[in-house]
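Heads up: the structure comes next, in structure tokens.
Both counts, for ligands and for their atoms, begin at 1 and track the order of listing.
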Amino acid sequence: MLNIIICGAPGCGKGTQSDLIVEKYKLKHLSTGELLRKEIGQKSELGLIAESYISKGNLVPDNMIIDILSKAIKEQNGNGNGIILDGFPRTVAQAEALQDMLGALNKEISVLIDLSVEENELIDRLLKRGQTSGRSDDNLETIKKRLEVYEHQTAPVSDFYKKLNKYAFIDGMGSIDDIFGRISSVIDSKQ
Ligand code: ADP
């Protein structure tokens, strides 16, 4: 059983690498960004609330996202080889909640993969994505805010997993294949 977290600043390539990991290791992909964008697309009550935070570059409130994710994890429980969490946990409070959720199911995180990319490159990638993504948060002003939020609220999540000895730093610069090679060696060492 592999339960992996992939984390890193907006634009670091989490989604791209998650797809490759899912294919190779047959894991279930749980992306909180995608779950939220689905709600927004359906114009649900939750989606409308989420959109008001996301379009400003802020995180949605912890209790809201913890609720969404714990449902998704329970639905997934018992199926397949494990999960890859993309975009969660994004705060230390979410990391603590995740420990409880998994503990209740007798499961644990295998490793957190921290994908590191230089800031200029992140901004270039996100602006490029903004030309086609239709996402309300892929514009320069919101990107800068998201990077700031990442630094203050999400970077401390790495320390949480360092203390548990479950942290792996990955250089996220270079070709998609090279980066995937680095990630695969870390995952293989956890099996
Ligand atoms: P990116 O990593 O490119 O910022 P995501 O698709 O992971 O994109 O997330 C988009 C937005 O959705 C975030 O900026 C945030 O507002 C919201 N979001 C996603 N995951 C979480 C989370 N775990 N906690 C709070 N907000 C979240």
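Side-chain contact of Y167 with D114: a donor-acceptor pair under 3.5 Å is present, judged by distance alone. Using modelled atom types and a 3.5 Å distance limit, the side chains of E39 and S44 yield a donor-acceptor pair.
Expressed to the nearest 0.5 Å, how far CD of Q131 lies from CG of N139 amounts to 12.5 Å.
Scanning the protein for heavy atoms near atom 24 (N) of ligand 1, the closest one is Q94 NE2, 2.9 Å. Residue, atom and distance of the protein heavy atom nearest to atom 21 (C) of ligand 1 are R90 CD, 3.5 Å. Atom 2 (O) of ligand 1 has as its closest protein heavy atom K14 NZ, 2.8 Å. Looking only at heavy atoms of the protein, atom 16 (O) of ligand 1 is closest to N58 O, 2.6 Å. At the top of the distance list for atom 6 (O) of ligand 1, counting protein heavy atoms only, stands R37 NH1, 2.8 Å. Remark: minimum distance from atom 8 (O) of ligand 1 to any protein heavy atom is reached at R135 NH2, 3.2 Å. Among protein heavy atoms, atom 20 (N) of ligand 1 sits closest to T32 OG1, 2.8 Å. Nearest protein neighbour of atom 26 (N) of ligand 1, counting heavy atoms only, is V60 N, 3.1 Å.
For Y53, the OH atom sits in a loose shell: 12 or fewer heavy atoms of surrounding residues, nucleotides or ligands are nearer than 6.0 Å.
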Review point. Step by step, would you call K145 with E141 a salt bridge (charged side-chain N to carboxylate O under 4.0 Å, His left out)?
Key: CA-CA 7 Å; K145 173 69 181 173; E141 194 189 340; over 6 Å; no
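Contacts of R129 with ligand 1, taken as heavy-atom pairs under 4.0 Å, involve the side chain alone. Contact annotation for I65 and ligand 1: only side-chain heavy atoms (C-beta onward) come within less than 4.0 Å of the ligand. With a 4.0 Å heavy-atom cut-off, ligand 1 is reached by no atom of K56.
The existence of a salt bridge linking E148 and K144 is excluded, since no basic side-chain nitrogen approaches an acidic carboxylate oxygen closer than 4.0 Å. Note on R146 versus D138: salt bridge recorded, some NZ/NE/NH1/NH2 to OD/OE distance being below 4.0 Å.
A heavy-atom separation below 4.0 Å is not found between M64 and ligand 1.
Cluster membership check: I170 does not share its hydrophobic cluster with M173, using side-chain heavy-atom separations under 4.5 Å among Ile, Leu, Val, Met, Phe, Trp and Tyr.
Which parts of ligand 1 touch F88 is read off a 4.0 Å heavy-atom cut-off, strictly below it: atoms 23 (N). Each of the atoms 5 (P), 6 (O), 9 (O), 19 (C) of ligand 1 lies under 4.0 Å from some heavy atom of G33. Counting the atoms of ligand 1 from 1 in the order shown, those under 4.0 Å from a heavy atom of R146 are 1 (P), 3 (O), 4 (O).
Distances from atom 18 (N) of ligand 1 to the heavy atoms of L36, L35, D138 put L36 nearest.
Across L140 and L127, no two heavy atoms sit closer than the pair N-CD2, 3.8 Å.
In this structure, K166 is not positioned above the aromatic face of Y161 in the sense of NZ or CZ being under 6.0 Å from the six-membered ring centre and within 45° of the axis.
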